[in-house]
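A note on names: the letters A, B, ... follow the listed sequences, proteins ahead of strands, and every chain is numbered from 1.
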Protein chains: 2
Amino acid sequence: MSMPLHLSISEQLRRQIIGGEYQPGEQLPSEAQLVERFGASRTTIRQAIANLISQGLAASHQGKGVFVTEQRKVTYSLSSPMVFLEADMAQQGISFVAKRLEAGLVDVPEASQHLFSTPQVFWQKKLLEINGAPGALDLTYLPPEFGEFFSDHSTHQMTFPVLEQHGISIERIEAVLECTYADPEESVYLEVPLGHPLIVYRHTAFTTENRPVAYGETISRGDRFCYSLEIRRGA
Amino acid sequence: MSMPLHLSISEQLRRQIIGGEYQPGEQLPSEAQLVERFGASRTTIRQAIANLISQGLAASHQGKGVFVTEQRKVTYSLSSPMVFLEADMAQQGISFVAKRLEAGLVDVPEASQHLFSTPQVFWQKKLLEINGAPGALDLTYLPPEFGEFFSDHSTHQMTFPVLEQHGISIERIEAVLECTYADPEESVYLEVPLGHPLIVYRHTAFTTENRPVAYGETISRGDRFCYSLEIRRGA
DNA sequence: CAGTGGTCTAGACCACTTG
DNA sequence: AAGTGGTCTAGACCACTGC
């Protein structure tokens, strides 16, 4: 077998996890136990565990152990007729809390410079907690005059419903979905290791008059979220 | 500074990369050089490099070195009016080749058991090469009677145009987008390390009579692809 | 051949969690 | 205090690349 030892070990453990021998949430044997079981050095065992973690099969917690990860994901629905993210969560029976981390006027970010006519925009950073655990970061950029809609009483609300309450109707959204990797800041907020896969939903919302009214990014843990959508031919 | 040494080193290198001091495609200093520059052991230097790789900032190649990664992504468009993936690529001026890896009759996969009435379905596995480099794996499951549409002359064509040529019109697609991690098989085909982030487009296509005619998965390198879409209110 | 990254070992010490 | 994972070292050997 020309396979490196650490890979051979992680593959054996992988088969046991996929085969259900180690259940989701269950603790794997400790490093010391694996050293004995496979007769390899601790470094090699740790490399094997790192392989499992990078494949999303396990997660380690200092002082506690390494545990098989749960694989269930929460689905954001983007289908037409357009539904807003937050309304969806309730339908799935999932507790959903948005906590405002920061807010204020900032310079227009590069990615949305063509959308705003003012040099500064109102900006909000929110942490979305799903079933009590941090799941996503949400960044919103709005024309400065909309800032007053988001005073303290609405810090826990999402963006689109608040706009609708003030008579601003969203007609169309242009969006991009992509994978990124947790940078040091994101890894702290989302409680994931550096480089953990994230799924980013980047969108621009337009009114009926085709005027851009909001730019936003939802940065979610890639291991906990996915997006569903429906595409129709004619539209 | 209470930050681990390997993190402190990778953060310094990260700032240099983001600041443009090391350009995309450029080679980073060798491990030996970094050992000298930071006065750390080779293990710690390798850990720092691993941090950069996990953040998608660098990629290593045995015998050659570690290189700063290019960050440009190819966009799949899912917007309405519905366009097929392959037609999009041409519009972006990107060379796009699909190579058939395997094909034949297989048992209906679990994820699509409710879609097919036959116990077996026609299955194709294709490798999509973008600008000469492997970029995505495409798995397609079709009713067995459609298998004959995909004889040797069309191995390099995509699925939907072939169906249209045979008078089968796709009206609606239900899809899910999610992140996954490269398993050993995917890592070989896509030439990425184990655990590399992937973006998966999982879809079911329906005809005008609302009959499911195709189930498929497009598994793309998360560092090279993203999806764009448009959502309209009324639809 | 020299230079690069990849694998592996043995051992020390630290930080966190649990009883 | 005992057990867990996290950090770090020094050193050996291997595999691949390019001149």
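Between the CZ atom of A/Arg42 and the P atom of D/dA10 there is a distance of 18 Å, given to the nearest Å. Regarding A/Leu5, its CG atom lies at a distance of 21 Å from the P atom of D/dA12, rounded to whole Å. A/Asn51 has its CG atom 9 Å from the P atom of C/dT7, to the nearest Å. Atom pair A/Met3:CE and C/dG6:P shows a separation of 17 Å (rounding to whole Å applied). Between A/Leu194 atom CG and D/dT7 atom P there is a gap of 11 Å when expressed in whole angstrom units. The distance from atom CD of B/Gln62 to atom C1' of C/dA2 is 15 Å, rounded to the nearest whole Å. What separates CD of A/Gln27 from P of D/dG3 is a distance of 14 Å, to the nearest Å. The distance from atom NZ of A/Lys64 to atom C1' of C/dA15 is 14 Å, rounded to the nearest whole Å.
With C/dG5, D/dG5, D/dC8 as the choices, the nucleotide that has an atom nearest any side-chain atom of A/Arg46 turns out to be D/dG5.
When the side-chain nitrogen and oxygen atoms of A/Thr44 are compared with OP1 and OP2 of C/dT9, one or more of them lie within a distance under 4.0 Å.
Nucleic acid contact for A/Thr43: base, since at least one base atom lies under 4.0 Å from a heavy atom of the residue.
When each of A/Thr44, A/Thr43, A/Asn51 is tested with A/His6 by the rule side-chain hydrogen bond (donor to acceptor under 3.5 Å, both in side chains), just one qualifies, namely A/Asn51.
Taking the six-membered ring where the residue is Trp, B/Tyr141 and B/Trp123 present tilted rings, their angle falling between 30° and 60°.
Of the N and O atoms on the side chains of A/Tyr227 and A/Ser77, not one donor lies less than 3.5 Å from an acceptor on the other residue.
Residue A/Ala40 is the one, among A/Ala40 and A/Gly63, whose nearest nucleotide of DNA chain C lies closer to the 5' end (criterion: closest heavy atom). In terms of position along DNA chain D, the nucleotide closest to A/Ser30 lies nearer the 5' end than the nucleotide closest to the other residue of the pair A/Ser30 and B/Gly39.
A salt bridge does not link A/Glu217 to A/Lys125: none of the charged nitrogens lies less than 4.0 Å from a carboxylate oxygen.
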